[in-house]
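Read through the structure below, which is laid out as structure tokens, and then see the notes.
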4 protein chains.
Amino acid sequence: MIIVLKPGISKQQESSVLAEIRKRGYRPHVMRGVARIVIGAIGDELTHASLETLVTEFPAAVESVMPVQKRYKLVSREAHPVSSTVTIRGHVIGGKKLQVMAGPCSVESEKQLLTTAVAVKAAGATILRGGAFKPRTSPYEFQGLGEKGLKLLAKARRETGLAVITELLSENHTDLVAEYTDIIQIGARNAQNFQLLSAAAKTGKPVLLKRGLSMKIEEWLLAGEYILANENPNLMFCERGIRTFETYTRNTLDLSAIPIIKKESHCPIVIDPSQGAGRADLVAAMCKGAVAMGADALLIEVHPNPAEAWSDGAQQLSLELFATLMDELRPFIQAAGRE
Amino acid sequence: MIIVLKPGISKQQESSVLAEIRKRGYRPHVMRGVARIVIGAIGDELTHASLETLVTEFPAAVESVMPVQKRYKLVSREAHPVSSTVTIRGHVIGGKKLQVMAGPCSVESEKQLLTTAVAVKAAGATILRGGAFKPRTSPYEFQGLGEKGLKLLAKARRETGLAVITELLSENHTDLVAEYTDIIQIGARNAQNFQLLSAAAKTGKPVLLKRGLSMKIEEWLLAGEYILANENPNLMFCERGIRTFETYTRNTLDLSAIPIIKKESHCPIVIDPSQGAGRADLVAAMCKGAVAMGADALLIEVHPNPAEAWSDGAQQLSLELFATLMDELRPFIQAAGRE
Amino acid sequence: MIIVLKPGISKQQESSVLAEIRKRGYRPHVMRGVARIVIGAIGDELTHASLETLVTEFPAAVESVMPVQKRYKLVSREAHPVSSTVTIRGHVIGGKKLQVMAGPCSVESEKQLLTTAVAVKAAGATILRGGAFKPRTSPYEFQGLGEKGLKLLAKARRETGLAVITELLSENHTDLVAEYTDIIQIGARNAQNFQLLSAAAKTGKPVLLKRGLSMKIEEWLLAGEYILANENPNLMFCERGIRTFETYTRNTLDLSAIPIIKKESHCPIVIDPSQGAGRADLVAAMCKGAVAMGADALLIEVHPNPAEAWSDGAQQLSLELFATLMDELRPFIQAAGRE
Amino acid sequence: MIIVLKPGISKQQESSVLAEIRKRGYRPHVMRGVARIVIGAIGDELTHASLETLVTEFPAAVESVMPVQKRYKLVSREAHPVSSTVTIRGHVIGGKKLQVMAGPCSVESEKQLLTTAVAVKAAGATILRGGAFKPRTSPYEFQGLGEKGLKLLAKARRETGLAVITELLSENHTDLVAEYTDIIQIGARNAQNFQLLSAAAKTGKPVLLKRGLSMKIEEWLLAGEYILANENPNLMFCERGIRTFETYTRNTLDLSAIPIIKKESHCPIVIDPSQGAGRADLVAAMCKGAVAMGADALLIEVHPNPAEAWSDGAQQLSLELFATLMDELRPFIQAAGRE
């Protein structure tokens, strides 16, 4: 910790602060600067009592306290310099091949899901997405088919060989969802639901962690830490747009998250342009940008008939548009040195 | 729904859009304006299929689609013009008396909690706050005493007569927490954890719903709708700061939420200036503003020794500062026509 | 400056960083911590070359660089512990009396302005506001009466004795505006137009500096520094709402700016609830909060007929509502120990 | 305009609103919906008095008022379906070739500028950037070489054949800057300095308009409208990062601005990843994303020795890193179908 003192304080005030720092188990190191005295408090910030309260305890003497250590460990590239990969039914995420996860926002019926599954597989996707439990802003909106939806996902997997990803919404559904899915998705609204994160981790299934609606990168990494700290190494981060003042799009897709996560963490990074923009007409451009910037996978909403979707129709691609997009992505995948 | 068409579209394009609107069960009403054709689609937006997909289905013809109805019902003042109140052990929230909820961020020990309880009661608080289960950004931080903390809260209630509020973090703790607490608090990170909201509502206990870190007022009202729709009328909204670009404070306390919630909803509004600012030195000014603007209650973090708090020490008031604050608030409570 | 090194770097890497710090004129002070080495670089940050580039120059060795000194000087309370006041035609802003500045968004006609001036004076205002040059988001909107508007303000001052505040939009208007006004207002969109700030300062007239639409407190204080550094001591800060994700209000009025500016600076703080909310129905509550939290003055938009206003009609109070508001504020002014 | 009435209003209230709509020159068109009455007010919103004040004038009857028309005209793709291009000394921006503008944040010396100019030209840039007048957050920071800087830019142009772009900060410098530069840059802090926009437009020089720090796309387009409305057709938009809650980067580069500007406007779009991220280590990834998403040009900060830069050293690339970047971009330029 670095403690910055106010200018012009007395010798006695300085001594009181130093005594308090020692009392909390740190070794103070005083630097007399031009304008201010700065104290380096030496000791492990993760195990000692915080010094951040000095600002309120010594308001006349302490100007600010700055932590020095990073708070995340297991997810950090520092701890694990080599990029890690997650393998799902033989498909490697984080490796040379760009993976595409595609499917409807919500599972609605056998026909809707199977039609989509067959089409996205033909276009090159390897993982099928589909919500069985849906978090809805209003209690009056469609909340998902529940277990029936999970069974349809399993059926689509049997018939197409695609792997499956679906969202876990409630600790109470953990075993049920883990029984059917290959990847557990944690949604943006639950990104700091730490109980749910721990429950998901304990299933041993790979976890895709979406960024919260206004989550700082550091908080996102720390939320990921809950997965690895529960002894599940198969974590993927997924950027899906952050909340800003802009109203043209539902969210602002923060593609800079790709190089930042690559720099700070060893875990794969997935981009969800459908949620990120909330508009189907922006998805193709977003995907191209994501691929060029080094995303390991894409998560795209596709529906055989977006007009009749039971949720988020405005952001789902039709089967035809998805196939076109996959074609258009090829040169960018190649340019990025991927397959 | 209002559908705005693009300028210069053909008669045939117009007909296709009209046909689609009818197909979804709305009655279209065409208005030919100066620059554009606008269609009013008459029908209940809450029960019919959405028309928002028209933008992507008819990209050459449809410019925008605007909903007309408000999405929240039971929490709205429209549905319930008289302000509602929540009564807890005889203390009325939303009535003439300003209620003060005070206590430590986390329950740490019997001595810490009882000392605080006695002091805040003496200063005028009627409800004791204290976290037994703590949501922590990092898995390496203190996560709360759990059931032991709940028992200490119950003991403090027996000894002081104060009512008790504590946070519910997990569906799995619902019965346990409901057994001990008088008010269930839903924290900012779980404000859109709809499963948890429903579980809390079903206990029948009054629920205090904090605003999410970047929640729009409309989303907050809709989250509250989950409580009332589960037949629990005892809902309180609690503003605790929103996330902005400012870094001087941890969050930006949005006091305009007070008149807005009063206008849009009949439920009481509580202000949490401790989380809102994240700095003890700003709490007093925030409380004065909140009282003047019509808050029904305040939720304040108080600790016998903030320097040694196990969580969020920088934002907790000492017992002395809390007593001083309560004195300073009196003229503002009076000016606001409260007791 | 504090330089945090990465864990596990070599002795040679450390030496290179130290050499570079010395080369730029700082004296390095090494602290060997538990997890990392931290270097305190002693020297005046305001006159020496920055060390922030070390992060990119020594990417394998340097993790982060943190400045220690505050960048603002003349506006800081540190430099000037006693609160300063600004006196305009005998009215003291920042003293015991709460001052109210009121008037129309735009000056439209002699009748409109004089009617308003007489009414706001009768209700207790001491300063008349009115825009003669208007910054408009669209080039097709009313841009203000220009010099004719300034002349009408001067006439209203002669007839009522009210002081006058109006906005300066262009360096080219500086002399003209200074000739007519008592206070120069710098609008939110020009809050970092440093040329305009310097030009305004040099007129010697008191300056009211609005906070930019997404300005951090530190940037606002630094913008104020441009006034004092140009030898004009008569600076007032004016909070008028910041941009957030919320769409219910036009902006989010950040009332926490009041205690923060009071803490960090000696200059008076003014609150503009009309721009802040963009809705007349929220103005009264905002004013009460501002007074309770210690604002030195209020800046309120008032129009004899808001429905016919040439700009921002939705946020202007009628003469009757303004008079009612002034009555309602009295107990809060008293509670705050003001007159 | 669409006027939504509150549920359950009286026949008389409805009549009053209708009368007022007619009085302001609109033809009202009543639609009786399931839950509410909605009125379409037919008439040109750009020439008639606004109806938005109805909300405050008829608070018991009017719930909301929604504009229907877009406020920007000349910059819109609707008005000009074919993409426009800007030609500078033979280099076409908005055509098939991706243009690169590169150079130092500030012009510091002849040697610094010429070294950079020669190097960026060799690497493939066609336009030289360099600040002669610098907007600085603090009055104590380097404010640019002024006219001397402009002369150095002109010299670098003579010696290398590169075109030149530099920022205009003050109306008073308009003629001076226009004399030396090929493109006038309007910075983020002046993006709504409408006087400066008009002055820049009137020089007839091409204008590059940066997005303001928290500017909505609609406001940005309207600011661009000030250029075209002043009869200057040579406008380019430049995204340079918006302000969000994230603190890892200085700003959040909003790459979705590329497809949105392409959709809404016919003007070219330029990306500035240096300002956008504020970190040199993120620039390469940002450039790849920008190219893949269809940017017409890049604006990149390059310095022969970033460590000794007089401003923003942390975000400038060295000459070597710039050359490497240009090589790395080639496959993405090809993938995007550009040259």
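Most heavy-atom pairs under 4.5 Å with chain B, from the set C/P331, C/A290, C/A257: that is C/P331. Each of B/M293, B/M286, B/K288, B/K262 has some count of heavy-atom pairs under 4.5 Å with chain C, and the biggest count is that of B/M293. Taking B/K263, B/E328, B/R243 one by one and counting their heavy-atom pairs under 4.5 Å with chain C, the maximum is reached by B/K263. Options B/M215, B/Q334, B/R330 differ in how many heavy-atom pairs under 4.5 Å they form with chain C, and the most are formed by B/M215.
Tested against C/P259 for a side-chain contact (heavy atoms from CB on, under 4.5 Å), the candidates B/L282, B/V283, B/D281 yield a single pass: B/L282.
Looking at C/T252, only its side chain comes within 4.5 Å of chain B, counting heavy atoms on both sides. When heavy atoms are compared at a cutoff of 4.5 Å, C/S214 approaches chain B by way of both its backbone and its side chain. Using a 4.5 Å cut-off between heavy atoms, C/E264 contacts chain B through its side chain alone, with no backbone atom that close. Contact annotation for C/I217: both backbone and side-chain heavy atoms come within less than 4.5 Å of a heavy atom of chain B. Looking at C/I258, neither its backbone nor its side chain comes within 4.5 Å of chain B, counting heavy atoms on both sides. Proximity to chain C involves both the backbone and the side chain of B/S256, based on heavy atoms less than 4.5 angstrom apart.
Between B/Y248 and C/E218 there is no side-chain heavy-atom pair separated by less than 4.5 Å.
Smallest separation of non-hydrogen atoms from C/A292 and B/A292: CB-CB, 3.6 Å.
Taken from CD1 in B/I242 to OG1 in C/T244, the straight-line distance is 4.5 Å, to the nearest 0.5 Å.
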